[in-house]
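Here the structure comes first, spelled out in structure tokens, and everything after it is commentary.
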Amino acid sequence: MSDPFLAELATLRTPAPSDLAPTVLLRVGLADEYLRLDSPVGPVFVAYNGRGVSASGPAFVDDAEARFEAGFRERFGRPIRPARRPQPRLVGAIERGLAEGRGRGLHFDLRLAGPFAREVLATALRIPRGEVRPYGWVAREVGHPRAMRAVGTALAHNPMPLLIPCHRVVRSDGLIGAYAWGSPVKRSLLRTEGLDPEAFELAAQHGLRYLGSDTTHIVCLPSCRHARRITPQHQVPFHDLAEAARAGYRPCRDCRP
Amino acid sequence: MPTTTDTATRPRAVARRGGPPLSGPLSQEQLAQALAHDLDAAFEALVRSEQDLLFGLALRSTGDRGAAEEVAQDALVRAYRALAAYPPERIRELRPRAWLVRITLNLCRNHARHRRARPVAAPLEAALERPAPLVQGPEPTTLRREAALEWERRLAALPGPYRAAVELRHVQGLSYAEAAEALDRPVNTVKTHVHRGLALLRATLPEHER
């Protein structure tokens, strides 16, 4: 065989497009992309890869992109870049999740979270818009009724605020409490969802932890949608469940006080 | 190699979690070992090592850059998922390049089955549209492209098995062992196909170029 002949064949090699490797890594979850989208508290970043949504962060702060990217790399050890060709369906699902304040129907990449943290976050995901639950409630739901501090830590480490609504978890003394993006953002979020944070805290300060209906004899957490429908003349406040039980009230099956 | 300066796509040293970082071209054995040791850390190196080859095969088969990109991506994604399910011993035995080529050729066949047949010449011209010629020769770019097109036509005119064998061995530089594994044929068969394919190619050349 003459060498130039074979050399000609070897020149027929073509390099892969520069986006091929990054897209493969994205699809298998070894690299992430992020979008900049609107939310009830302003513009936010949402990161994702082939395994699901991986993080969210505020875009309304100084140096937002740099901080988000650096924070992401630091926390997850994966490369991240702005989304190049985001799929419209995924974008739509994320936008809906942000508007509603929780990403139902979204896959989440929680590979670095332990089983306890995943349970906590899954529980937070179940809290309906417009309602809040105390840390103790979450602790009970995950089967560790005394692990309130651990619940607090797990929620503080929520990788995707807004899409997993850790903002709907409040202190057991009724105060709204802290938030990864700042307490004012938490209060503002709850306000847009129809809760009155100040009224809520005031009621809690007066010892109102539970609200019953004297027509149904069911007792709820105050922000439960059933409780909010009780007309004022039928509202019966309770300090604790023992008091409610003595008065013949049974706990609501939806908010499980 | 990627041309972007985006830090996210700059090749990282692999094997973050234990073991020395791998950089530079890796042998097939090194790749297999690295993948068996830590799939997530080594997979990027595999992608960067084999992406040109897989894309090139898919491009020649589909005649369409978009389809070729999809096929090459799908092959690598399938490979990752398969590797994630293999025990380390099985990964260590792999010849990654031959294995990936086989996956890609299968996907190309699936793709062909689902598309209508296309004339060969037109897509090739579009498919060879690329920003810079691969070979910087003394000839101007258009002459280089014309020559490449002519070789692609000659290659495409070969009977299927000869074309596949010549492509793997002499365009993509696989060893006979790798080509045999990729094509799921005995090595001697592949050698015969390569020899016959080259003979046919040479017969199509003008006298003075043979």
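In what follows, chains are A, B, ... by sequence order, proteins preceding strands, each numbered from 1.
Rounding to the nearest 0.5 Å gives a distance of 9.0 Å between CD of B/Gln172 and CG of A/Leu12. The CZ atom of A/Phe5 lies 5.5 Å from the CG atom of B/Leu205; values are rounded to the nearest 0.5 Å. The distance from atom CD of B/Gln73 to atom OG1 of A/Thr23, rounded to the nearest 0.5 Å, is 5.0 Å.
Closest approach of B/Arg65 and A/Pro17 over heavy atoms only: NH2-CG, 4.2 Å.
Evaluated for a side chain to side chain contact (heavy atoms under 4.5 Å, CB included) with B/Glu44, the options A/Val28, A/Leu30, A/Leu25 yield exactly one hit, A/Leu25.
The side-chain heavy atoms of A/Leu9 and B/Val166, taken from C-beta on, include a pair separated by under 4.5 Å.
The environment of A/Arg75 atom CZ is dense: over 12 non-hydrogen atoms of other residues, nucleotides or ligands sit within 6.0 angstrom. Annotation: A/Arg129, atom CZ; neighbour count of heavy atoms from other residues, nucleotides and ligands within 6.0 Å is above 12.
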Could you give me the CA-CA distance, side-chain angles and deciding distance for A/Thr11 and B/Trp151, then say whether side-chain contact (heavy atoms from CB on, under 4.5 Å) is met?
-> CA-CA 10 Å; A/Thr11 67; B/Trp151 276 105; 5.9 Å; no
A/Arg27 and B/Asp74: side-chain contact (heavy atoms from CB on, under 4.5 Å), yes or no, with the steps?
-> CA-CA 9 Å; A/Arg27 284 175 63 181; B/Asp74 287 349; 2.8 Å; yes
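If you measure heavy-atom distances from B/Leu54 to chain A, you find no contacts under 4.5 Å at all.
With A/Arg13 contributing its side chain and B/Val171 its backbone, the two residues share a donor-acceptor pair below 3.5 Å.
Under the 4.0 Å criterion applied to side-chain N and carboxylate O atoms, B/Arg202 and A/Glu8 are not assigned as salt-bridge partners.
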